[in-house]
Novice: 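Encoded as structure tokens, here's the structure I'll be asking about.
Bear in mind that the values here come from a model prediction, so they are computed numbers and not experimental data.
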Number of protein chains: 4
Amino acid sequence: MGRAKTIDETQLFQATEKIILRDGYAGFHFKALAEELGVARSTIYNYFSKKEELVTAFMVHLLKQVVHHMDNVSENEEPVRGLVDIWSKYANIHQMMHVMPYIDREATPLVQSNVQEMFGLLGSMRSRISTILTKEQERGRVRKDIQVETMTGLVMAVVQIPIQSDQEARWVEEVYKLLKDGLYD
Amino acid sequence: MGRAKTIDETQLFQATEKIILRDGYAGFHFKALAEELGVARSTIYNYFSKKEELVTAFMVHLLKQVVHHMDNVSENEEPVRGLVDIWSKYANIHQMMHVMPYIDREATPLVQSNVQEMFGLLGSMRSRISTILTKEQERGRVRKDIQVETMTGLVMAVVQIPIQSDQEARWVEEVYKLLKDGLYD
Amino acid sequence: MGRAKTIDETQLFQATEKIILRDGYAGFHFKALAEELGVARSTIYNYFSKKEELVTAFMVHLLKQVVHHMDNVSENEEPVRGLVDIWSKYANIHQMMHVMPYIDREATPLVQSNVQEMFGLLGSMRSRISTILTKEQERGRVRKDIQVETMTGLVMAVVQIPIQSDQEARWVEEVYKLLKDGLYD
Amino acid sequence: MGRAKTIDETQLFQATEKIILRDGYAGFHFKALAEELGVARSTIYNYFSKKEELVTAFMVHLLKQVVHHMDNVSENEEPVRGLVDIWSKYANIHQMMHVMPYIDREATPLVQSNVQEMFGLLGSMRSRISTILTKEQERGRVRKDIQVETMTGLVMAVVQIPIQSDQEARWVEEVYKLLKDGLYD
DNA sequence: CATGAATGAGGCTTCATTCAT
DNA sequence: GATGAATGAAGCCTCATTCAT
């Protein structure tokens with residue numbers, strides 16, 4: 001039955017995230033990855049034949065999770081709060097997104113399609129937010145004097161507000177309030 | 001004496017920004033820079049003896065400008081709006097900040113001190129915002145039920161909201177409103 | 001598994017010696033080394049990640065050999081002659097030592113420790129010679145009116161006396177005599 | 001009458017020696033030299049149009065001094081001692097000679113002729129020593145059972161015996177004795 | 001003469017990727 | 001499948017040297 005696999009995609013993704021979060025994309029090489037996983041560098045090529053393919057696949061994977069969460073939230077009575085809640089759990093996704101400019105998007109067809117999928121997913125996120133906001137507008141909860149794009153941008157941006165670890169609940173609370181009612185009394 | 005300079009620091013900084021914004025930090029080499037400026041690669045080393053030194057010097061330069069602007073604004077009657085106004089002009093500074101994880105901060109002593117200065121300036125920005133918010137709280141304009149840090153984070157984060165070029169005025173208007181009064185009616 | 005090595009440390013050391021002896025340290029680059037060995041430049045980096053690491057490792061290796069030889073000689077009835085004999089075989093070691101001022105000793109920790117080891121080995125050589133001379137003094141063979149350090153220096157210095165190839169035996173004979181009885185009748 | 005010279009050959013030579021002795025030939029650049037002298041790098045090219053020309057000129061200059069000293073000594077009743085005496089004063093010349101393998105001897109015609117002159121001077125040194133030794137043989141002072149070349153080599157080699165500063169007199173004494181009568185009682 | 005500026009040549013390194021076992 | 005070894009491409013950096021003022 002051949003040799004048993006020593007690693008799988010999940011481990012690759014975990015190690016990838018760990019390294020990128022720890023060392024930034026600059027510190028993310030197959031060299032480092034191999035060390036992290038305790039396998040030979042060349043072994044990774046049995047799974048992903050190109051660095052960019054791995055990274056983009058990983059990001060697709062991440063984004064899918066987020067989008068999935070968003071789907072389960074949109075039915076909530078307080079959907080904006082639900083979004084903030086998700087952000088608190090996927091804060092690092094933004095760090096991950098920053099690696100995008102460093103990726104050669106033309107590298108291979110697979111990379112291209114991954115990148116396209118990523119953009120698709122990002123679009124989904126945005127449009128889910130838009131939808132939520134529009135619905136809320138219809139319900140008379142959200143203001144109508146501002147473009148939905150700008151508001152969507154704001155909702156996406158708040159993920160950048162630093163969270164102190166073990167203060168997530170408070171972060172959600174405060175950020176939600178700020179989003180809802182703004183800075184002013 | 002000696003011959004006339006063909007480039008100066010200003011041009012270096014401009015080219016640096018241009019390249020980083022266009023290609024990301026990954027595409028920023030002295031090779032690219034030299035091509036952009038039409039000089040030999042080694043010429044650049046007469047100005048900055050290390051890639052990191054140039055980039056960090058540039059970022060310090062940028063941040064200084066922003067902080068300087070902030071100083072001239074804080075006396076305004078509507079200081080939060082002033083901040084948003086600055087953000088609209090320095091939107092790219094955030095893109096620039098994203099290169100930080102890619103910089104080898106130990107590269108040289110000069111780099112180290114530049115990086116320290118950068119953090120100092122970022123701190124200044126934050127503390128200026130804090131101060132503004134606290135003062136506004138005292139004047140009874142800004143709410144008091146939320147930690148100043150979180151609010152500062154929000155103010156800094158809005159710079160990430162995408163601007164459509166030639167829509168800056170509107171962006172400022174809308175973002176300011178959102179900041180002030182939130183999403184909700 | 002993996003493919004068979006095309007070079008090993010021994011070949012690297014041999015090539016290193018050959019090049020340094022032929023071209024001096026100035027002519028010793030990984031480029032030259034790679035050409036000499038018929039491999040790609042980068043291949044060498046799989047063995048030694050820095051020029052200085054290779055050179056210093058090589059010198060440690062050389063010195064160890066010499067010290068080892070010295071140990072097997074000290075029991076001889078005519079130990080000074082034994083030393084001269086060793087010198088005749090390791091004449092080039094002195095040429096090698098001349099590269100030391102050209103080595104960046106701080107390059108890496110490994111380099112540092114290699115350099116330290118080198119000095120340790122040189123110290124060993126010196127102290128072995130000292131010991132021999134002192135013992136010979138006790139046996140009443142070696143004069144006592146001169147500091148042992150100076151005599152040790154003399155013994156080490158004679159390695160510089162040029163040898164004509166295929167005249168080694170004669171060189172040993174004559175140098176030994178000179179060491180023992182001096183120039184004068 | 002034109003601008004006054006700010007440096008001259010003497011200063012160049014002094015600075016050259018200082019740097020080479022301090023940092024080794026590796027640390028000897030026109031950059032360092034210019035700093036040492038407080039002039040622009042390019043200024044040096046008004047005096048020597050090539051690094052090698054400067055270095056070789058300097059070495060010729062040094063060797064000439066030594067040879068000159070040797071001439072004034074050879075008339076002494078104890079000529080070997082006289083040589084040792086000179087060595088004590090020019091100990092560093094040997095360090096200087098070690099840079100030779102690093103010099104591109106073909107660099108320019110001037111370099112070539114300098115190098116030739118250097119070899120000539122080294123030959124002079126050797127032949128002066130030979131002559132002295134031969135004369136001493138004739139006077140029945142120096143042994144005849146050993147080739148003059150080997151003995152010359154010994155005399156030249158002793159310059160390598162380390163001198164402790166402010167112990168020069170003693171060094172001369174001891175080395176002379178060793179040369180004359182050897183290590184053995 | 002002196003100099004500041006520019007440059008080219010050459011060496012150093014690091015990885016992603018490919019190969020052969 | 002896994003691996004150790006080899007490699008090429010690409011970027012970094014340092015000087016000697018040349019140029020123009």
Novice: Taking the basic N atoms (NZ, or NE/NH1/NH2) and the acidic carboxylate oxygens, is any pair closer than 4.0 Å for B:K31 and B:E36?
Specialist: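 Looking at B:E36 together with B:K31, the answer is no, because their closest N to O distance does not fall below 4.0 Å.
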
Novice: Would you mind checking if A:E117 and A:K64 are paired as a salt bridge, meaning a charged N to carboxylate O distance below 4.0 Å?
Specialist: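 Judged by the 4.0 Å cut-off on N to carboxylate O distance, A:K64 and A:E117 do form a salt bridge.
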
Novice: Judged by modelled atom types alone, do A:T108 and A:E53 share a side-chain donor-acceptor pair under 3.5 Å?
Specialist: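 Yes, because at least one side-chain N or O of A:T108 sits under 3.5 Å from a partner of the opposite role on A:E53.
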
Novice: Which part of the nucleic acid, if any, lies within reach of C:I7 when heavy atoms closer than 4.0 Å are counted: base, sugar-phosphate only, or nothing?
Specialist: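 Here C:I7 touches the backbone only, sparing every base.
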
Novice: Once you round it to whole Å, what is the distance between P of E:dG11 and CG of C:L33?
Specialist: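 The distance from CG of C:L33 to P of E:dG11 comes to 13 Å, rounded to the nearest Å.
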
Novice: Between A:N114 and A:V60, which heavy-atom pair has the shortest distance, and what is it?
Specialist: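 For A:N114 versus A:V60, the nearest heavy atoms are O-CG2, 3.6 Å.
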
Novice: Are C:Y47 and C:E9 close enough, and set up right, to give a side-chain hydrogen bond (donor to acceptor under 3.5 Å, both in side chains), and what steps lead you there?
Specialist: CA-CA 7 Å; C:Y47 294 81; C:E9 197 171 86; over 6 Å; no

Novice: Looking at every non-hydrogen atom in both residues, tell me the closest pair between A:M96 and A:M59 and how far apart they are.
Specialist: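 That would be O-CE, 3.3 Å.
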
Novice: Angle class for the C:F28/C:Y25 ring planes (parallel below 30°, perpendicular above 60°, tilted otherwise)?
Specialist: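 Answer is parallel, since the angle falls under 30°.
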
Novice: Whole Å only: how far is the CG atom of D:D104 from the C1' atom of F:dC15?
Specialist: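 Value for this atom pair: 15 Å.
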
Novice: Nearest-Å distance, CG (C:L37) to P (F:dT7)?
Specialist: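 Atom CG in C:L37 sits about 11 Å away from atom P in F:dT7.
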
Novice: Which letter, B, S or -, goes with each nucleotide of nucleotides 12-19 of chain E from 5' to 3', with contact meaning a protein heavy atom under 4.0 Å?
Specialist: BBBBBBBB

Novice: Using Watson-Crick pairs (N1 to N3, plus N6-O4 or O6-N4) and G-U wobble pairs, both distances under 3.5 Å, which stems of at least 3 pairs involve DNA chain E?
Specialist: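 Ordered by first number, the stems with DNA chain E (at least 3 consecutive pairs each) read E:2-21 with F:2-21.
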
Novice: Assuming nearest nucleotide by heavy-atom distance, tell me which of B:Y47 and D:I44 is located more 5' along DNA chain E.
Specialist: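 Of the two residues, D:I44 wins.
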
Novice: So which one's nearest nucleotide on DNA chain E is more toward 5', B:V39 or B:G2?
Specialist: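 Taking each residue's closest nucleotide, the earlier one in sequence belongs to B:G2.
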
Novice: D:F48 near the nucleic acid: base, sugar-phosphate alone, or nothing, with a heavy-atom cut-off under 4.0 Å?
Specialist: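 Contact class for D:F48: none.
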
Novice: Give the ring-plane orientation class for D:Y45 versus D:F30, where under 30° counts as parallel, over 60° as perpendicular and anything between as tilted.
Specialist: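 D:Y45 and D:F30: perpendicular rings.
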
